[in-house]
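Working notes for the structure below.
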Amino acid sequence: MSKKRFGLGLIIGAVAGVVTGLLTAPKSGKDTRAELKTKAEAAKKDASRKAEELKKRTDKVVGDAKDRAEDLKEKAEALASNAKHKADELRGRTEEATEDTKRRAKEEARKH
């Protein structure tokens with residue numbers, strides 16, 4: 001956060017310095033206003049360009065994050081499906097073993 005504040009302070013300080021320099025320069029009011037207008041337009045263009053670059057980078061980061069989240073979701077779903085399959089398989093084997101044990105117990109009981 002301090003880097004952002006420093007950058008903002010730097011920009012504000014630079015703008016204030018330029019405006020002060022222009023206002024105290026030995027030029028006519030008309031020339032000074034024209035120069036201020038030119039500088040303001042240049043600053044506006046530069047700010048717009050930087051904002052567009054930041055938007056593009058932000059969009060890329062957001063897109064990458066969405067892609068990564070989708071990949072993780074798919075992996076989690078695959079793991080859940082695999083775990084369910086293995087649980088069903090284990091349940092089936094347990095039921096078979098239980099039935100086999102019951103059958104053998106009945107056979108032993110008949111023998112005695």
Side-chain angles (χ1 to χ4, degrees):
M1 190 68 167
S2 64
K3 288 182 180 182
K4 289 180 183 178
R5 287 186 182 174
F6 177 77
L8 181 60
L10 186 65
I11 291 170
I12 291 171
V15 169
V18 168
V19 170
T20 301
L22 290 173
L23 293 176
T24 58
K27 293 182 180 181
S28 71
K30 185 177 182 180
D31 291 341
T32 301
R33 285 190 298 275
E35 191 171 342
L36 278 173
K37 183 178 177 183
T38 301
K39 297 271 186 188
E41 288 172 354
K44 181 180 174 184
K45 285 180 184 177
D46 188 47
S48 293
R49 181 183 53 79
K50 287 182 179 179
E52 186 61 32
E53 288 174 7
L54 180 61
K55 183 183 180 309
K56 286 178 184 177
R57 286 190 296 192
T58 301
D59 289 347
K60 182 180 181 339
V61 168
V62 168
D64 290 348
K66 284 181 180 179
D67 290 345
R68 181 71 176 134
E70 186 62 32
D71 288 346
L72 290 173
K73 178 184 170 193
E74 289 172 5
K75 286 179 182 177
E77 289 172 348
L79 287 172
S81 176
N82 189 28
K84 183 182 180 316
H85 175 73
K86 288 189 180 209
D88 289 345
E89 183 181 304
L90 183 58
R91 185 180 310 115
R93 289 173 50 198
T94 302
E95 288 172 359
E96 286 176 12
T98 301
E99 291 300 318
D100 188 48
T101 302
K102 286 179 185 178
R103 183 182 51 76
R104 287 183 182 185
K106 284 181 184 178
E107 287 177 4
E108 285 295 320
R110 286 185 201 154
K111 289 181 182 177
H112 295 290

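Quick note: residue numbers are just sequence positions, from 1.
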Taking only Lys NZ, Arg NE, NH1 and NH2, and the carboxylate oxygens of Asp or Glu, determine whether Arg49 and Glu53 approach each other closer than 4.0 Å.
yes

For Arg68, look at atom CZ and say whether over 12 heavy atoms of other residues, nucleotides or ligands are found less than 6.0 Å away.
no

Results of side chain to side chain contact (heavy atoms under 4.5 Å, CB included) for Arg91 - residues two or more places apart only
Asp88, Glu95

Can you sort out the partners of Lys56 under salt bridge (charged side-chain N to carboxylate O under 4.0 Å, His left out), two or more places apart, ordered by chain and number?
none

Rounded distance (nearest 0.5 Å) linking atom NZ of Lys39 with atom CD of Glu35
5.5 Å

How far does CG of Asp59 sit from NZ of Lys66, to the nearest 0.5 angstrom?
9.0 Å

For Lys60, which residues count as a side chain to side chain donor-acceptor pair (under 3.5 Å) partner, sequence neighbours excluded?
Asp64

Does atom CZ (Arg103) have a neighbourhood of more than 12 heavy atoms from anything else shown, all under 6.0 Å?
yes

Under a 4.0 Å threshold between the charged nitrogen and the carboxylate oxygen, would Lys75 count as salt-bridged to Asp71?
no

I'd like to know if the side chain of Ser81 reaches the main chain of Glu77, judged simply by a donor and an acceptor atom lying under 3.5 Å from each other, with no hydrogens or angles considered.
no

Value rounded to 0.5 Å, distance of CG in Asn82 from NZ in Lys84
12.0 Å

Is there a side-chain contact between Glu41 and Lys44 in this structure, where contact means two heavy atoms from C-beta onward sitting under 4.5 Å apart?
no

